[in-house]
J.: 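Before I ask anything, let me first share the structure, which is written out below as structure tokens.
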Amino acid sequence: MTDDLLDRSSVHALLADGTTVCIRRVLPSDHDQLRGLYEEMSPDNLRLRFFAASRRSAAMAADRACASAHPGYRALLAEANGAVIGLAEYDTGGEKDGAEISIAVADGLHHRGVGTLLVEHLVSAARAEGITTFTADALSENHEVLRLFADLGLRTSRRFEGPEVRCTVHLDQDDAYLSAVEARGRSADIASLLPLLRPSVVAVVGAGRTPGSVGRAVLHHLRTGGFTHRLFAVNPCVTSVLGVPAYPSVAALPKTPDLVIVAVPAAAVAVVADECGRAGVRALVVVTAGLDHIQAGTLLAACRTYGMRLVGPNCLGVSNTEAGLSLDATFAAEHPRPGTAGVAVQSGGVGIALLDGLSRLGIGVSSFASLGDKYDVSGNDMLQWWESDGRTDLALLHLESFGNPRAFSRTARRVTRRIPVLTVDAGRTEAGRRAAASHTAAAATRTMTRGALFTQAGITATRSVGELLETAALFHSQPLPEGSRVAIVTNAGGAGVLTADACAEAGLALPPFTPAMIDELLGVLPDGAAIGNPVDATAAVSEEQLTECVDRLTRCPGIDAVVVALVPTALAAATGDDLVRALTAAPGRRARPVLAVRLEQDRSVRLLPAADGATIPSYAEPQAAARALAHAAERAEWLARPAGVVPDLDDTETGRARTVVAEYLAAHSDGGWLDPRTCADLLACYGIPQTPWAWAETEDDAVLAADRLRGFDGRVVMKAHWPGLLHKTQQHAVHLDLRGDSQVRAAFRDLETRFAGLITGVVLQPLAARGTELFAGVAQDEVFGPLVLFGLGGTATEVLADHAARLAPLTDRDVHELIISPRCAPLLVGANGNSPVDLEELEQLLLRLSRMAADLPQLAEADFNPVLATPGGVTVLDARVRLLPRRPQDPYLRRLR
């Protein structure tokens, strides 16, 4: 069974209507409730479930579910408000690969997704036990259960036998199933957020009379922000706060709130949460900071018990600016300006900066969530909200930790194809990671792993809040460039040089103009203009001339974007020319992006209003404009690429690999580095190509092995082995270029003498041909799962650190980008006249390594170094694999944090 269901008594998940349900194993004490579940069914539902309406079936079903567990049987129940509302079971009946499944849902609770959610959890548990198919018998008139199986997203077949139907469900986890689970989860998630972001009744608990109190500040913002629905305060000492009616408790309110803002001392938060739950509140925002471990656990338990969504604790609050609502439940300095940017942050300070910046730019905010310590509602939730709200066209995130990165990645890949998703890459340094962990009480994420997530998901990662706003301004106001080719126009040569340097440093290209374009520009610019790239239009350029120049450049086939660097001059002032107006007065939005750089500008970025209602981003520094434009070019390139798929691989034996792992861990309970034979067996399960090798424990065995392995030139390599040996070359535990028996014997004696008491044997291999030495490996991240690494190999791999990384499982797109990302990539495609290596085989190697890492959560580390790549193929020359005793986890299983 899955890790969650084995090691925790329960998990919580969302039903289709957004309410929370507990999924857990059946206990003997559940007998009476389970019997009641069946006894309270209508005769018709009993007949559909048991093919007969006998009440005796209820007792028998409860007896079976509550009996002592036996191999091959699993029973999960769904519980809401302490009542059992559904049961799902499977039983292999002694079969190895298949199991019979049955489902029961309480009367009156059909069509809320109870049965589907239970089946999803059973599917996950069954897969972990090697079960590949479910079968179920149903009456042909039982349309609900037949529809449940048909809509799961799994491959299903039916066989009709008179009035009955036998359904067979194949449990392969392919993209179709994950997409179906995603769609159900998205719908449920959005429904659960409605009380939080579109509440009809709001109450603030802790709104005091003291002007400096946080609760009073939140209440003030709600009242002055124009919240159009009912608003209450909870304060036992007064009857009104800021003109808002106050009541002594949540229970005393005349109408149950959808949303409660909690701003009380940490010791009182859990008590308030319990009171809210008992009253039927659906969502909490806890702005209080400083909860200890016990207080935090009690708060979350109350939210799960009563099905309340939670933002915080230790947060700034939430806002939703949509017309007819005007919800501003924050204590920020100002109300957010209504607009189209969705914002989710963990840091309240960053949130205030983004709200202020977006309002100042005129972009505004559609909805805002300060997630704080992020016990429940996360960036993943907010992405799904923005995807469906019909208002948001730009998503800004500041996340210091990730709860379920692989689910977040799938969501972000989908959302990013519709709207840009931008983030601040916080915690890039060790100091930053320590601060993030301390601030959010969550594990900080390694830089390379986080970078892989952002790259694969198409998220635009910036390095500061300022850069985030600068890039958001461009994405909001201009079309994306088709490429990275930039034309620069300036009225001052020095400004053009600075802008050219900034663009080149950002990875943008400044192509020369064609003779025809040079003639066109000379025809519209004043005498003395220099038509290079940059174009120096001189201080004499008029408003009309600059407008014509920019328009022609935006229509130039070899140009993807135009940057106009301007400085104020007395000449323009004397003639009455407004060069900025030359950019903003053009009728209609230009087909290619246009950016301004104005060195005298007092803010880092502004949006200049254009005559047609559009805007032009204007930057105070060329570097800011170049960074934003580079991000836009990267997004355009990402969108132009097809979404990748995880390829099917031939000749993989996942079952045998799991047996190899299980047998090793049975003999080594704490895990460890595999011996050469076990390592080779594991790699063979995935068809990973290895150079021929032999194991020898004596000098004579080494000679015999060498005779068998000698290639066309008779030379072999000998490597010492003992448990825990990692860096053979550094330990001088390798002998190369051994010829003849005497050299083999001498090498063996040398290793045996120098490493006496350690060495357990030697590995012999034929000396490899010449080729490119590469590195491929896996690092298992506790939060993100397996990370596949690739780059330059050999003895210099750690010194040069020329590696790229992607999260497993790799798609065909991921593996291609992984290969071309390191600096050594030109060596692989035939740089300097050399023949290219076998790229197809290299891709296969990485895909098989990814599959092994995704299949085996016990795989803590894998290190293939060197991997020899030649035009004729790819071979692993040395492999190390470390296993740890871990149970499988299903990152895509629907559950709340």
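All values below come from the heavy atoms of this structure, side chains included, with hydrogens, waters and symmetry mates left out. The structure presented is a predicted model; accordingly, all values stated were derived computationally and were not measured.
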J.: Hey, what do you get for NE2 (His221) to OG1 (Thr330), rounding to the nearest 0.5 Å?
T.: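 One finds 4.5 Å between NE2 of His221 and OG1 of Thr330.
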J.: Sequence neighbours excluded, which residues qualify as side-chain hydrogen bond (donor to acceptor under 3.5 Å, both in side chains) partners of Arg282?
T.: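 Arg282 satisfies side-chain hydrogen bond (donor to acceptor under 3.5 Å, both in side chains) with no residue once adjacent residues are dropped.
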J.: Side chains of Ser378 and Asn380: donor-acceptor distance under 3.5 Å anywhere?
T.: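 On atom types as modelled, these side chains do not qualify, holding no pair under 3.5 Å.
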J.: Given side chain to side chain contact (heavy atoms under 4.5 Å, CB included), test Asp890 with Gln173 step by step and report yes or no.
T.: CA-CA 11 Å; Asp890 185 347; Gln173 182 171 277; 4.0 Å; yes
J.: Hey, are the side chains of Pro420 and Thr460 touching, using non-hydrogen atoms and a 4.5 Å cut-off?
T.: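 A side-chain contact under 4.5 Å is absent here.
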J.: Do Asp189 and Arg309 sit within salt-bridge range, that is, some charged N less than 4.0 Å from a carboxylate O?
T.: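 The answer is yes: the pair qualifies as a salt bridge.
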J.: What are the two closest heavy atoms between Leu327 and Leu197, and how far apart are they?
T.: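 Between these two residues, the closest heavy atoms are CD2-O, 4.1 Å.
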J.: Enter the distance from Asp393:CG to Thr340:OG1 here, rounded to the nearest 0.5 Å.
T.: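 Separation between the atoms: 3.5 Å.
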J.: Can you check whether Val281 reaches Pro257 side chain to side chain, under 4.5 Å on heavy atoms?
T.: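 Sidechains of Pro257 and Val281: in contact.
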J.: Counting N and O atoms only, with roles assigned by atom type, does the side chain of Thr321 sit under 3.5 Å from a partner on the main chain of Val365, one being a donor and the other an acceptor?
T.: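 Yes; judged by distance alone, with no hydrogens or angles, the pair exists.
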J.: From Asp328 CG over to Glu334 CD, what is the distance, rounded to the nearest 0.5 angstrom?
T.: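 One gets 10.0 Å once the value is rounded to the nearest 0.5 Å.
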J.: Taking Asp274 for its side chain and Val271 for its backbone only, find out whether a donor-acceptor pair lies under 3.5 Å.
T.: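 Pair absent, no side-chain N/O of Asp274 close to backbone of Val271.
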J.: Below 4.0 angstrom, N of the basic side chain to O of the carboxylate: do Glu400 and Lys374 qualify?
T.: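 The answer is no: the pair does not qualify as a salt bridge.
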J.: Take Val286 and Val311 through the side chain to side chain contact (heavy atoms under 4.5 Å, CB included) test and state the conclusion after the steps.
T.: CA-CA 6 Å; Val286 178; Val311 169; over 6 Å; no
J.: List in chain and number order the residues that pass ring pair (Phe, Tyr, Trp, His ring centres under 6.0 Å) with Tyr247, two or more places apart in sequence or in another chain; answer none if no residue qualifies.
T.: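 With sequence neighbours excluded, Tyr247 shows a ring pair (Phe, Tyr, Trp, His ring centres under 6.0 Å) to Phe232, given in chain and number order.
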J.: Assess whether side chain to side chain contact (heavy atoms under 4.5 Å, CB included) is satisfied between Glu120 and Tyr177, documenting all intermediate values.
T.: CA-CA 10 Å; Glu120 287 179 15; Tyr177 178 65; 3.6 Å; yes
J.: Does one side chain, of Ser359 or Asp356, offer a donor that lies under 3.5 Å from an acceptor on the other?
T.: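 No, because no side-chain N or O of Ser359 sits under 3.5 Å from a partner of the opposite role on Asp356.
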J.: Atom CZ in Phe475, atom CG in Leu396: separation rounded to 0.5 Å?
T.: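 It comes to 10.0 Å.
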J.: Any sub-3.5 Å donor-acceptor pair from Ser409's side-chain atoms to Leu453's backbone N or O?
T.: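 No, Ser409 side chain to Leu453 backbone: no donor-acceptor pair under 3.5 Å.
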J.: Any side-chain heavy-atom pair from Leu383 and Phe408 closer than 4.5 angstrom?
T.: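 Heavy-atom side-chain distance check passes, below 4.5 Å.
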J.: Taking all atoms of both residues into account, what is the closest heavy-atom pair of Ser200 and Asp258, and its distance?
T.: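 Residues Ser200 and Asp258, closest heavy atoms: N-OD2, 2.7 Å.
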J.: Search all heavy atoms of Leu355 against all heavy atoms of Ala332 and return the closest pair with its distance.
T.: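 Minimum heavy-atom contact is CD1-CB, 4.3 Å.
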J.: Has Arg209 got more than 12 heavy atoms of other residues, nucleotides or ligands less than 6.0 Å from its CZ?
T.: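 Atom CZ in Arg209 is not packed in, count stays at 12 or less.
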J.: Determine, stepwise, if the pair Leu422 / Leu394 fulfils side chain to side chain contact (heavy atoms under 4.5 Å, CB included).
T.: CA-CA 8 Å; Leu422 296 84; Leu394 192 65; 3.6 Å; yes
J.: With distance as the sole test, does Glu387 use its side chain to make a donor-acceptor pair with the main-chain N or O of Arg418 at under 3.5 Å?
T.: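 Side chain of Glu387 to backbone of Arg418, a donor-acceptor pair under 3.5 Å: no, none is there.
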J.: Hey, are the side chains of His398 and Ser347 touching, using non-hydrogen atoms and a 4.5 Å cut-off?
T.: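 His398 vs Ser347: side chains touch.
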J.: Nearest 0.5 Å, please: how far is CG in Leu194 from CD1 in Ile190?
T.: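 So the gap between those two atoms works out to 8.5 Å.
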J.: If every non-hydrogen atom of Ala80 is compared with every non-hydrogen atom of Ile85, which pair is closest and at what distance?
T.: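 Heavy atoms of Ala80 and Ile85 come nearest at CB-CD1, 4.0 Å.
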J.: Say whether, by atom type as modelled, one donor and one acceptor occur between the side chain of Gln295 and the main chain of Asp292 under 3.5 angstrom.
T.: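 Yes.
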J.: Can you check whether Ala412's main-chain N or O pairs, donor with acceptor, with Thr416's side chain at less than 3.5 Å?
T.: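 Answer holds: yes.
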J.: Taking all non-hydrogen atoms of both residues into account, name the closest pair between Leu310 and Cys303 and its distance.
T.: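 Heavy atoms of Leu310 and Cys303 come nearest at CB-SG, 3.8 Å.
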J.: Could Arg304 and Asp376 be called an ion pair, given the rule that one side-chain N must be under 4.0 Å from one carboxylate O?
T.: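 Yes, this pair counts.
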J.: Indicate yes or no for a side-chain donor-acceptor contact from Gln456 to the backbone of Leu807 under 3.5 Å, with no hydrogens or angles considered.
T.: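 Confirmed, Gln456 side chain pairs with Leu807 backbone.
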J.: Compare all side-chain heavy atoms of Val318 with those of Phe368 and state whether any distance is below 4.5 angstrom.
T.: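 No. Closest side-chain heavy atoms not under 4.5 Å.
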J.: With a 4.5 Å limit on heavy-atom distance, are the side chains of Pro336 and Leu358 in contact?
T.: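 No; the side chains remain at least 4.5 Å from each other.
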J.: I need the Arg391 CZ to Asn320 CG distance, nearest 0.5 Å.
T.: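 One finds 5.5 Å between CZ of Arg391 and CG of Asn320.
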J.: Which pair of non-hydrogen atoms, one from Ser213 and one from Gly208, has the smallest distance, and what is that distance?
T.: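 Closest approach of Ser213 to Gly208: OG-N, 3.8 Å.
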J.: Which word best sums up how the rings of Phe784 and Phe402 line up, parallel for under 30°, tilted for 30 to 60°, or perpendicular for over 60°?
T.: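 The arrangement is perpendicular - the two ring planes meet at more than 60°.
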J.: Quick one: are Leu77 and Arg24 in side-chain contact, heavy atoms under 4.5 Å?
T.: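 They are in side-chain contact.
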J.: Cut-off 3.5 Å, side chains only: do Thr224 and His335 have a donor facing an acceptor?
T.: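 Yes, a side-chain donor-acceptor pair sits under 3.5 Å.
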J.: Say whether, by atom type as modelled, one donor and one acceptor occur between the side chain of Glu275 and the main chain of Ala251 under 3.5 angstrom.
T.: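 Yes, the answer is positive, given that a donor and an acceptor are paired below the 3.5 Å cut-off.
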J.: Test Val205 against every option in Leu284, Ile261, Val260 by the side chain to side chain contact (heavy atoms under 4.5 Å, CB included) rule and name the one that passes.
T.: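 Only one of Leu284, Ile261, Val260 forms a side chain to side chain contact (heavy atoms under 4.5 Å, CB included) with Val205, namely Val260.
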J.: Determine yes or no for a side-chain-to-main-chain donor-acceptor pair under 3.5 angstrom, with Glu89 supplying the side chain and Arg74 the backbone.
T.: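 Side chain of Glu89 to backbone of Arg74: no pair is present.
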J.: Ignoring hydrogens and geometry, is there a side-chain-to-backbone donor-acceptor pair from Asp30 to Leu27 under 3.5 Å?
T.: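 Checked: pair present.
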J.: Can you tell if the side chain of Val415 reaches within under 4.5 Å of the side chain of Thr411, non-hydrogen atoms only?
T.: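 When only atoms from C-beta onward are counted, Thr411 and Val415 do touch, with a gap below 4.5 Å.
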